[in-house]
Structure formats: structure tokens, C-alpha cells
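What follows is a set of notes on a single structure, which appears directly below.
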Amino acid sequence: AAQPLRHVDSMATMPSGAGKIPYLNAVILGEALASEENDLVYPSDDFSRQAHVPSPQKYLELYERSIKDPGGFWSDVASQFYWKHKWAPDHVYSENLDVRKGPVQIEWFKGGITNICYNCLDRNVESGLGDTVALYWEGNDLANDASLTYSQLLHRVSQLANYLKDIGVRKGDAVIVYLPMLLELPITMLACARIGAVHSVVFAGFSAESLAQRIIDCKPKLVITCNAVKRGPKVIPLKDIVDAALVQSSQTGVSIDTCLVYENALAMKREKTNWQDGRDIWWQDVIPKYPTKCEVEWVDAEDPLFLLYTSGSTGKPKGVLHTTGGYMVYTATTFKYAFDYKPSDIYWCTADCGWITGHSYVTYGPLLNGATCIVFEGAPNYPDSGRCWDIVDKYKVTIFYTAPTLYVTRYSRKSLRILGSVGEPINPSAWRWFYNVVGDSRCPISDTWWQTETGGFMITPLPGAWPQKPGSATFPFFGVQPVIVDEKGVEIEGECSGYLCVKGSWPGAFRTLYGDHERYETTYFKPFAGYYFTGDGCSRQAKLANLHKSMFRDKDGYHWLTGRVDDVINVSGHRIGTAEVESALVSHPKCAEAAVVGVEHEVKGQAIYAFVTLVEGEPYSEELRNSLILAVRKQIGAFAAPDRIHWAPGLPKTRSGKIMRRILRKIASGQLGDLGDTSTLADPNVVQQLIALSNC
Ligand code: WTA
């Protein structure tokens, strides 16, 4: 059943955001900035003049066409790619987003035959980019780097693709990829795409349990991994995690006969790697022997490209399924416009390919545009907090796309031209810091709002086209119709706050949840019939004080994302369902019940805060606290470990037994004077008990 929605309570204070500075050092901001929060920030004339979309008028012209004639608009865009056969001109797309009218269904360019790997590589090599660097690799340790031109990348991808075909991987087969940010990660994704196999990348910070769960769900033909990775000063033996996952999956009847292991000798020599003969194969022993040419498998636009598991508010992770054609057109186009991409740019996105940002904006979007892109293996604070700026200077990065969780230092950053932000609401003060300090008040910021499910950017500035408002993701991308609805699902016009939905489909939309179309409909299309429900709250500011009224219609306005309204939290850009953390805690034999909420965190955006009720008679101890945290690390991964365990003799519940998370959120964030109505609780004393244990 659909989850009850959290009341959108942060909105009263918008658009100035939550008021606090969540991630960044307040000192450098100075008070002056705070008072400018509502001001518009105009792009320079020089910037606008060279931009793909130089004015609001130009945007409106394109946007209006994209809404009035989606088929025509996207056909024109799609025609820039290589298609073996084109889709039927009278059938560019078909959609039903309304559960009342039948099953939800979205198709774009069906009947069109293409291949996204071909469009990323062969097409660019043929048009003369063969010797252009496609991917730079910057390792965890300072001395390690590498690069691949478009031709070299094509050869490497083809060799792996030939191997995969050779061992019997066919169109439609799933391949699980558990790799860190080595060049082999995008190589693997592209090789799968080349032969029509469906990659499912699992972020290499997930635990054996989580990996096993994904293997069991999609039953891959093989697993591709590496023996180990260095993360900062630590060596993490990834192959051991895969071994444990494969034991677990075979216990449920999903056995994997092939595990292809890249020897990451910088982290661990092969001699030290645990090995299962017959199943495990060293990448370096086989792949280089294969031919560097590989015919592509031509696929339908609607054939699946990848599965990416993501967290929801209930139950196990969902396999978000993206198909080929629409995703290709959408990621390429959003990349080009939101970053005002030009061939002279050097682009760096700090996201890991284990998440959607790394799929759409490390691998596919940039390569489809023939861009030069950096793949960074390390951590932003290793060996010190200047690492990011080192990299920006080393490669002369012009477009820098990241989650708003970084640190400023002494470096020059002269090369930067555009900054991008993703993953969580960036408040106006943090925005100012990013703009003034990182971008020297020169680089427009693209605060891109989107989701695993949307495939690509949905609400984003087009740098150069219009003035920005610090903290606002501004306006919808071409073809996207965001609507804000109230609790009843009624669209609200003009200046308002509510639940963010999307009307109609766009090419990058996910098509289903793997193996569970019903859950797809229930989660996303039933809460507000007729719309795709994003799970986010949004407020819209329609009065554009300093903008000419005629530029935008009255019902349009700057959009301010206010965070999730369901039980999903974002920790340093990692999306985590509170239900998953709760179920990991409850699996601990001494835990009777758990309730997890997100709280604001200076560095991570949000942190995980867990209320735990122990089994009868169990005393509180630090040891127990640690072992509860360990249970989460083991079941999900270190990135999901709670920052805080709050002992709870009982949890605040309604008489029908529903946990009142609203109250828990307030207690967790120390807003004790403002707990709201507690009269509907089955046992109002619980709240006082929890407050009493706040500092234990
Ligand atoms: C949040 C990441 C505010 C939002 C691309 C969304 C954002 C969730 C922004 C999706 C942004 C992403 N401003 N919030 N610019 N970008 N979010 O699936 O809550 O990992 O629903 O995709 O991140 O997270 P996901």
C-alpha cells in the first residue's frame, strides 16, 4: 500500500531554506551574504552570449515546443544520434501514467533500432574524436593516473564485449558489476551495452548481504569485480565481499559460475587474493587476448539498458529499469544544456558509477557528447581536503559537478567555468559559498534536481539563460512538466508548496521496477492518480520581483526542492531507505524494535539517527551500541551506519500502532519545545522517557 506522506513542514520557511548552514564553514560566508538570500544572480553577458540557451526567451521557445509537440521536439533531438532504423514517425512515444485508465506504460522511439555504446564510442571515433581523451583516471593515491582516448576506449570495450559473448552472455542477460571507480567500471557498462546485456552496477560500498540480495533478484550471468580497492589509506578486499555474497546467493538457489576479477595491483597483488578455481577468472589473463573489434548488437529503443537498485520507503531495494533509446537521448541532451557543454570543456563529476549520477553523468551523458571526462577513484579528503582542487587544477577542469559536501582551500581553480550540484537541497548560504568561493563569483551553478527514476535532470538551471536564485533549482528541463499538488492530489498554481509530481512522460523516465510492475504503479503512480509522484516536497515562487513579467507565465516560477516527504534519506549523496536500516537493526538479537529518521548534518547533508528498543531486560551499553551499528554495516554497508543510537524504552505510536516519526524527528533534532500534538499517542509518557534519554 502507498506510504503515508510526511507533512511538508519545512515549507513555511521557504525560500530561505532551513535557515542553517548545513555543510559549510559559516565564517567564510560573512553576514553580508545572508541578507542577500533572495537576490537574483545574473550570468555575465559574456557567458550568456556564448551559451547554448542565451536568454529566457530562447528557453521558452524551446520549452513550449517540447510541451506542445513532444514527439516532434524529441524526434529532432534523437535524429542527431545513429539509428540503424528509425522509429515510426507517427509513433514517437506512447504513454499512460494514469492507473485509472489501465497499466502504467511509457515508450519512446519504439521500433527505433540503435546501440548506446555505438553512439558513445564508434560514432565519435568516426567523426574524428578518436585521439581525443574520453576518460582520464585519477587514482586514490597521488601518483596514480591514466587516460584512454575514444579509440582506446572503444578497443578496450570491444575486447570485454567479445569475452562476454564468448562465455555466452546474450542480449537481455543481466550482469552484476561490483567495481570501484576504475576505468574498468565504465568499460564494463559500455561492453554490456554493446552486446545488449543489462548491467546492474552495485556501489562497491555495499555489503555482501546487499550484494547477494541484488544477485538473487536479477540472477546475473556473471559477476564482474576486482580483488581490492584503496579508499584513502585503507585497503578494502572487494573480492572477499563478493565471495561471501556468492555463498549467500547460492544458498537460495542462485549460483554464479563465472566471476571475472580485475587485478587491481595498486591495492592488492593477485597472490594475496582468495580464489575459487573454476569460477574465478583474472580479467588480465583473458580480456587482452580478445580482438579489439566487436560487432554491436542492435537493440530496440525500448530494450532494457540497465537495472539500478535504489532505496524506497518500504521493503527491499527496487530494481529501477531504464531502457536504451529514451535514456540515451535524454542523458545526452540534459548534459549538453545544463552544463552548457562545449567541445573545449574538461568535465569532472565526482559521483561514483554505483549511483545514477555516475551512470548518466560520468558514463553515458558525457561520452554521448564526445566529452573528456575524469573518473576519480579516491576520496575528496585524501590525502587532504585540497584533493578536489588539486584535481581541478591538474586537469584544468572547466565543469565541476558534485554533491554540496566539499571544503575550500588555497587552490586557484581558474579553469572552472560551470559548477553543478546534486543530491540534496542546497540552501542559499551554501549556494553562495559555492558560487563566491569555489567559483570566484564567475561560474554559474547548475543545481540539478533529479532522481534514479528520472534518468536525467528534471529541474535545472540552464546556465546563461536566466538569473539564478541561490538555493533554487529554477525551471524544468525541456519536456518536463512539474506540478505541485496538495494532499488530495489537486494541482496548485502560482506561488505554493506541496508535493512534487510530474505530468506526462519524458524520454529518460524509468519504465518499470524489475520484476514488479505492480510496485512501480503503487509507489509512484497511485499516490496521486494521473501523475508520477517524486517523493519530494517542493515550493514554487511565482513572483519574480526583478524579472520582467513577460518572460515567464504567472503560473511558472522558481522551484525550491525541500527534501523527501517519504522515509527516504540522503546521506552524502547516498540514498537510503529508513526501513532498510530499521530491518538491519531489528535483525540484531537484542533489538526488539527500531525507528530511523534523518537529521540535518553539517557535512553529510543528512545523518542517520536511530531509536532502538531493546528486548526485555537488556541493559544499555556502549558495546551493544557498537554491535547494533555493526549489524547495519554488515547488512547494508558502512555508508548506512547510524550516526546516533538513541535508547528508547518505547516508541511514540498512535493507538493503531503507527510510529509517529514526526515526533521522533523533532526529538532527534533537539526541537523539544515544538513537538506538536501528542494527544493521539497510545502512551504519551513515551515522549518524556525519550527526552530523558536524549543524552545517554
Ligand atoms: C534528492 C540522485 C534537492 C531528492 C540524482 C531526490 C535533490 C533524491 C537534488 C534522489 C537537488 C537530488 N536538490 N534535492 N538538486 N538532487 N535530490 O535517486 O530528494 O540517488 O528525490 O538520485 O535526491 O536521489 P537519487
Side-chain angles (χ1 to χ4, degrees), residues 5-6 8 10-11 14-15 17-18 22-23 201 203 205-206 308-313 317-320 322 330-331 334-335 338 349-362 364-365 401-405 419-428 430-431 434 445-461 468-477 480 482 499-502 508-510 513 523-524 532-539 558-578 598 600 604-606 639-640:
L5 301 171
R6 188 202 309 174
V8 190
S10 56
M11 290 178 174
M14 292 315 261
Y23 332 108
V201 182
F203 171 59
F206 273 111
L308 185 58
Y309 287 86
T310 190
S311 296
S313 50
K318 307 175 277 199
V320 166
H322 283 284
Y330 198 70
T331 52
T334 47
F335 174 84
C349 166
T350 60
D352 191 292
C353 289
W355 307 102
I356 191 68
T357 308
H359 281 63
S360 302
Y361 301 110
V362 175
Y364 293 112
Y401 183 39
T402 190
T405 45
L419 301 171
S421 172
V422 62
E424 51 215 306
I426 178 168
N427 78 28
W431 193 100
F434 204 31
I445 295 181
S446 285
D447 176 5
T448 61
W449 174 82
W450 62 297
Q451 310 178 295
T452 305
E453 293 86 342
T454 68
F457 305 150
M458 297 293 279
I459 301 181
T460 177
Q468 300 194 286
K469 281 203 160 229
S472 167
T474 72
F475 298 98
F477 193 72
V480 175
Y499 301 105
L500 180 61
C501 291
V502 184
F510 67 139
L513 292 179
T523 312
Y524 299 102
Y532 164 69
F533 173 48
T534 65
D536 278 308
C538 184
S539 81
Y558 282 75
H559 290 79
W560 307 79
L561 279 304
T562 55
R564 300 286 307 196
V565 293
D566 56 8
D567 294 310
V568 171
I569 48 189
N570 266 303
V571 180
S572 303
H574 303 333
R575 176 165 158 183
I576 299 164
T578 53
E600 244 182 73
K604 305 179 190 180
Q606 275 188 304
F639 65 91

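Counting convention: from 1, in listed order, for ligands and their atoms alike.
- No side-chain donor-acceptor contact under 3.5 Å links His559 to the backbone of Phe475.
- Protein residues with any heavy atom under 4.0 Å from ligand 1: Ile356, Thr357, Val422, Gly423, Glu424, Pro425, Asp447, Thr448, Trp449, Trp450, Gln451, Thr452, Asp536, Leu561, Arg564, Asn570, Arg575.
- By the ring pair (Phe, Tyr, Trp, His ring centres under 6.0 Å) test, Tyr401 pairs with Phe339, Phe457, sequence neighbours left out.
- Taking the six-membered ring for Trp and thresholds of 30 and 60 degrees, Tyr361 and Phe335 have nearly parallel ring planes, at less than 30 degrees apart.
- Side chains of Thr331 and Ser360: a donor-acceptor N/O pair is absent below 3.5 angstrom, by distance only.
- Trp449 meets the ring pair (Phe, Tyr, Trp, His ring centres under 6.0 Å) test with no other residue; sequence neighbours excluded.
- Residues meeting the side chain to side chain contact (heavy atoms under 4.5 Å, CB included) test with Thr452, sequence neighbours left out: Leu308, Thr310, Val320, Ile356, Arg575.
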